[in-house]
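Report on one structure; see the data block that follows.
We name chains A, B, ... by the order of the sequence lines, and we start the count at 1 in each one. Below, all heavy atoms of this structure are taken into account, side chains as well, without hydrogens, waters or symmetry copies.
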Amino acid sequence: MSASQILTQTPLGLYCPAGDVYIDPMRPVPRALVTHGHSDHARAGHGAVMATAETLDIMALRYGEDFTVTRQIAALGVWTTVGDVRVRFHPAGHVLGSAQIEIEQGGFHLVVSGDYKRAADPTCLPFTPVRCHAFITEATFGLPVFRHPDASDEIAKLLASRALFPERTHILGAYALGKAQRLMSLLRRAGYDRPIYIHGALEKLTAYYGRQGIALGDTPKVVAAERPKLGGEIVICPPGAIKDLWARKFPDPVTAAASGWMRVRARARQKGVELPLIVSDHADWEALCTTVVETGCEELWVTHGEAEALVHWAGTQGIAAKPLHLIGYGEEAEDELLDAA
Amino acid sequence: MKDFAALLDRLAFEPGRNGKIRLMAAYLAATPDPERGFALAALTDSLSFADAKPAMIHALAAERTDPVLFQMSYHYVGDLSETVALMWPARAGERAPPLLSDVIRTLSTTGKATLPGIIAGWLDGLDEIGRWALLKLITGSLRIGVSARLAKTAVAALGPHAPDDIEEVWHGLTPPYAELFAYAAGHGPKPDTVDPTPFRTPMLAHAVDEAKDFAALDAAQFSAEWKWDGIRVQAITGFERDGRPAQRLYSRSGDDISSSFPDLMDSLANGRWGTAALDGELLVVIDGRVQPFSSLQQRLNRKTVSAKTIAQYPIHCRVYDLLVADGEDLRALPFADRRRRLEAFVAAIDDPRVDLSPVVPFADWDALAGIRSDPAAHGAGDDADAIEGLMLKRRDSPYVPGRPKGLWYKWKRQPFNVDAVMMYAQRGHGKRASFYSDYTFGVWKDGPEGEVLVPVGKAYSGFTDQELVKLDRFVRNNTVKRFGPVREVVHTREEGLVLEILFEGLNRSTRHKSGVAMRFPRVARIRWDKPTAEADRFDVLEKMLAAEA
Ligand SMILES: [Zn+2]
Ligand SMILES: [Zn+2]
């Protein structure tokens, strides 16, 4: 057997004919398996959605309770029959509720990674490598230049900057789901006990993390009129807001952003970032390679990101690999969508 | 090296002057000697060692990385040092990170043959940012926007002294500047160095406000000169304590640019200058004629300059003020007196590379307006192209550092203008980074399928903050496509925005698709009222070019 007998590539995304189900489809479909709540993977309007309880909650928060006709909770590590295949969800370590999806048919195991990371994250379960015949991976940061440093070192950079510029507001751009809460949690672990101010777009999701028992401390929403008084504070907002009119009302703001893209200076500069923090919720190059090896896969498909380099590397390891170039996934899209949210 | 790398990294992203000063001051305060001294030398470009060539860095990377992955990475990152810094295979813990002082000492004493191995060892001991800083340092390409003056201000921030005090003692000290730091912190004696060729903060002019100033100012109190389109410099000569003559050429911001102009330095050393300080304009002059600014650019920002370049672009200093002569500080004297001394001085040094910027006689402001609109007919002759306008100096004005009110004015030439259509917009920098404030504009030109807009320039100034808000809104509401940071704005015959563009001149250019390059284009007016079809045609520019030639 091979991966293409279980999974096919369609304009709507990856499709499993034997289960008659799509994975992270781009447009409404009758039946979908969803890896995680980011808007480029989890879309509204499907007939039926199977995902982890947290991902279903997040979709309901973002799109309203009617985001799907029926929903089914996927308990981690438990097999469920879907048509002629069995599926099982495993933690992906990307954001709260994120999962890899394993599909089994006739003893052939295939794993769709969704987005994932291997670095520690106090706000979600760690990635578990799953042995499989075929591994369908993301490669957002699939170039050897992407090596994410220890996130706590990046937090230290932010706190050092705040100490040096105590009268300025540090405005930190971060994705509303996952990254923002991870940063809050890391700041708390670093001993930062001031309120962490948040943009309105982060409110619902941050409150949800709190209800899930993830302690983030005091995270008040920024009141527009109070902005001039927030000198010395840390404010977290969606990436698109760091350069908006909204951000300019803070006292002499220091523009920071937390993303794996901040590794490349031209990218950081292009975004007008003055304090780039390299904190990513995706696997870096080392983690991608390590994970591929740990799955023991014989076949590798690369869904999105910098696919060519990973495919080249897999070739040197004797793994049959191909890029899929799925359109519509990726942090850039996330950025734009979250701006609107 | 790690802290220095972190400083460079932060400086490279910090847009503000004050932010840069605080970052440097914090580093200098927290870092022991001699590390901070070497860091200061690196920041101010005061180190001399043979740079490592990019080919060496490339070869090092080739030994350690997969060539296909390297090519893909280089293509993505776009900068060799950064690519190598990021993808260098980490051997963490294998070697201790090198000290900046060790790096610099080693670089200035090690031969080419052993250097690659040493650099590889250093790279092994550093992280991504450390490797980036090291590679930028050893390839001589630390471009982080720190001027000598800025660095001195940061040193001054360590203690009670003013930046001018630091400036004064800086000269004659060598890295790692231990006595300078002790003095700056306020617990060491003033270093016993006297700079024989100190920089003096230049006097600057205000722009003339035609609507107000001429009614209030008395033409008889002013002297006029051409404003040259060159580089303002200070030429300083003096004597070291042991009697050796010393010469130095400074840029307007106080950077020592002597090494770029050995030909002019020879003139300063001709033995007839004594102890003097002159204020003037650097120009390229061939057969008595001032060359376009693009020729002068061939001579700028070079650490070393070839004999061929010197011959091809001979440098010239056209002087207009005398601050010191025969060791006497003349700055308190009225301009008219300094001018007389200057004329005598230039005659006495008798050097073909140095001449006087002539005084432009005029009867009243109206007459001067006529002169300004046609310098060629009023004495400038062939050099009219190199004239940006006029300088007006009160005859009784002392030489005051900075930009004092009411003494000096600049009155630029009437620029050219054209009605163009906005085509693309890009976000600005610094304070303007949240606005689409850089506009590419075009004019109509015949194409195979009728008239099309061809881009002819880019403008990012000339509008008020309120206008910027409106322009930004226009861009956001009329975007038709995005390419990375650039937005394509609607620009058809029916829809779009006309901008009246002012510019100072026009050159033929092979680098621009349109074949023309505007000098200093800026937005004069936003023509919300004007239909795009009525914007100017390319012929207008062609005519201007013909007239300029
Ligand atoms: Zn995601
Ligand atoms: Zn994604």
Inset, instruction - May I ask you to list the residues in residues 285-302 of chain A that approach chain B closer than 4.5 angstrom, counting heavy atoms only, ordered by number? - result: A:Trp285

Legend entry - Heavy-atom contact with chain B under 4.5 Å, split by part of A:Arg248: side chain

Inset, instruction - Among B:Thr83, B:Thr65, B:Asp79, B:Asp66, single out the residue with the greatest number of heavy-atom pairs under 4.5 Å to chain A. - result: B:Asp66

Legend entry - Salt-bridge contact B:Asp438-B:Lys458 (side-chain N to carboxylate O under 4.0 Å): no

Inset, instruction - If the plane angle is over 60° it's perpendicular, under 30° parallel, otherwise tilted; pick one for B:Phe463 and B:Tyr439. - result: perpendicular

Legend entry - Segment of A:Ser161 engaging chain B (4.5 angstrom heavy-atom cut-off): both

Legend entry - Heavy-atom proximity to chain A below 4.5 Å, by part of B:Asp9: both

Inset, instruction - Test the B:Arg427-B:Phe435 pair against the cation-pi criterion, namely NZ or CZ under 6.0 angstrom from the six-membered ring centroid and within 45° of the ring axis. - result: no

Inset, instruction - Check the angle between the aromatic planes of A:His170 and A:Phe165 and answer parallel, tilted or perpendicular using the 30° and 60° thresholds. - result: tilted

Inset, instruction - State yes or no: are the ring centers of A:Phe146 and A:His282 separated by less than 6.0 Å? - result: no

Inset, instruction - Establish, yes or no, whether the cationic atom of A:Arg147 lies under 6.0 Å from the six-membered ring centre of B:Trp88 and within 45° of the ring axis. - result: no

Legend entry - Most contacts with chain B, counted as non-hydrogen pairs under 4.5 angstrom, among A:Ala266, A:Ala268, A:Pro276: A:Pro276

Legend entry - Aromatic ring pairing A:Phe250/A:Trp246, orientation class (parallel under 30°, perpendicular over 60°, tilted between): perpendicular

Inset, instruction - Could you have a look at A:Arg265, A:His312, A:Glu308 and say which one has the most heavy-atom pairs with chain B under 4.5 angstrom? - result: A:Arg265

Inset, instruction - Flag the pair B:Arg482 and B:Glu488 as a salt bridge only when some basic side-chain nitrogen lies within less than 4.0 angstrom of an acidic carboxylate oxygen. - result: no

Legend entry - Side-chain H-bond candidate by donor/acceptor type, B:Arg36 with B:Thr31, under 3.5 Å: no

Legend entry - Contact class of B:Ala12 relative to chain A, heavy atoms under 4.5 angstrom: both

